[in-house]
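Here the structure is a predicted model, which is why all the values come from computation and not from measurement.
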Amino acid sequence: WAVLVAGALMGAGDVIAQQLVEQRGLRGHHCPRTLKMMAIGFCFVGPVVGSWYRILDWLIPGNTKVVAVKKVILDQGGFAPCFLGCFLAVTGATNGLSVQENWSKVQQDYMDALMTNYCIWPPVQIANFYFVPLQHRLAVVQCVAIVWNCYLSWKANRM
């Protein structure tokens with residue numbers, strides 16, 4: 001279920017990026033890009049993030065305020081930087097970039113994306129880890145992430 005939600009919402013984020021941010025219009029919409037973003041959601045984002053939440057809950061069990069803060073520190077200090085770099089690299093690869101082009105694109109976009117991540121995700125994750133049961137965390141994050149996915153799609157597909 002969570003993997004399907006991740007794929008659908010990655011696709012929705014791309015549609016929003018193309019229509020509202022890039023203002024491509026329906027005729028200018030690049031459907032293969034949306035399908036690629038959905039595939040990344042199904043095959044990468046959903047499984048990786050879903051697994052991460054299970055691992056994080058195993059490493060730091062519970063849902064007190066202190067536990068939530070510990071989880072956010074580990075999530076945002078360790079997982080988010082690694083995941084974001086991998087996401088940008090996977091997106092570049094699916095866009096057909098060579099290894100050199102992909103590395104240059106990751107270097108160009110990474111710090112800005114990471115700083116934007118830190119503006120959005122810590123408060124969301126505190127609430128998510130404190131109030132939301134494990135089985136619903138990925139879905140909650142993906143619902144909040146529709147704006148984040150829009151940003152990532154725009155950032156990752158800007159050539």
Within residues 81-95 or reaching into it, pairs that qualify as salt bridge (Lys or Arg N to Asp or Glu O under 4.0 Å) - sequence neighbours excluded: none
Closest non-hydrogen atom pair, I146 against A12: CD1-CB, 3.6 Å
V21/Y151 under side chain to side chain contact (heavy atoms under 4.5 Å, CB included): CA gap, chis, key distance, verdict: CA-CA 9 Å; V21 177; Y151 168 79; over 6 Å; no
Side-chain touch L4/F42, heavy atoms, less than 4.5 angstrom: yes
Counterpart residues, ring pair (Phe, Tyr, Trp, His ring centres under 6.0 Å), relative to F79 (two or more places apart): W52, F83
Min side-chain heavy-atom separation T116-W148 under 4.5 Å: yes
Donor-acceptor pair, side chain of T94 and main chain of T91, under 3.5 angstrom: yes
Where at least one partner belongs to residues 118-136, residue pairs that pass salt bridge (Lys or Arg N to Asp or Glu O under 4.0 Å), sequence neighbours excluded: none
Straight-line distance of Y53 OH to K71 NZ, nearest 0.5 Å: 10.5 Å
Test side-chain hydrogen bond (donor to acceptor under 3.5 Å, both in side chains) applied to S98 - qualifying residues, sequence neighbours left out: E101
L26, CG atom: more than 12 neighbouring heavy atoms under 6.0 Å: no
Residue list, side-chain hydrogen bond (donor to acceptor under 3.5 Å, both in side chains) with S104, at least two apart or on another chain: none
Residues in ring pair (Phe, Tyr, Trp, His ring centres under 6.0 Å) contact with F87, at least two apart in sequence or another chain: none
Between CG on residue L74 and CD on residue Q125, distance to nearest 0.5 Å: 11.5 Å
Salt bridge (charged side-chain N to carboxylate O under 4.0 Å, His left out) partners for K36, two or more places apart: none
Hydrophobic cluster membership, V72 vs L59, 4.5 Å side-chain cutoff: yes
Shared hydrophobic cluster for W58 and V66 (ILVMFWY, side-chain gaps under 4.5 Å): no
Distance-minimising heavy-atom pair for G41 and A6: O-CB, 3.7 Å
Partner residues of Q23 under the side chain to side chain contact (heavy atoms under 4.5 Å, CB included) criterion, sequence neighbours left out: none
Shared hydrophobic cluster, V124 / Y118 (ILVMFWY, side-chain heavy atoms < 4.5 Å): yes
pair L114-P81: side-chain heavy atoms closer than 4.5 Å: yes
Residues that S51 engages under side chain to side chain contact (heavy atoms under 4.5 Å, CB included), provided they are two or more places apart: R54
Whether N102 side chain and L97 backbone form a donor-acceptor pair below 3.5 Å: no
Distance, nearest 0.5 Å, that separates CE of M38 from CG of L9: 9.5 Å
Euclidean distance, Q108 CD relative to W103 CH2, rounded to 0.5 Å: 13.0 Å
Gap between atom CG of N157 and atom CG of N95 - 0.5 Å precision: 4.5 Å
Validation row: F129, I60 side chains within 4.5 angstrom (heavy atoms): no
Within residues 16-27 or reaching into it, pairs that qualify as salt bridge (Lys or Arg N to Asp or Glu O under 4.0 Å) - sequence neighbours excluded: E22-R24, E22-R33
Close side-chain approach of I126 and V69, heavy atoms under 4.5 Å: yes
Pairwise side-chain contact, L152 with L84, heavy-atom cut-off 4.5 Å (strictly under): yes
Heavy-atom side-chain contact between N117 and Q76 under 4.5 Å: yes
Hydrophobic cluster membership, V106 vs V99, 4.5 Å side-chain cutoff: no
Residue pairs fulfilling salt bridge (Lys or Arg N to Asp or Glu O under 4.0 Å) with at least one residue in residues 115-144, sequence neighbours excluded: D57-R137
Close side-chain approach of I40 to M37, heavy-atom, < 4.5 Å: yes
For W154 against A17, the heavy-atom pair lying closest together: N-CB, 4.1 Å
Atom pair CD/CG of Q107 and L88 - distance to nearest 0.5 Å: 11.5 Å
D75: salt bridge (charged side-chain N to carboxylate O under 4.0 Å, His left out) partners, not counting sequence neighbours: none
Cluster overlap L20 with V15, hydrophobic side-chain contacts below 4.5 Å: no
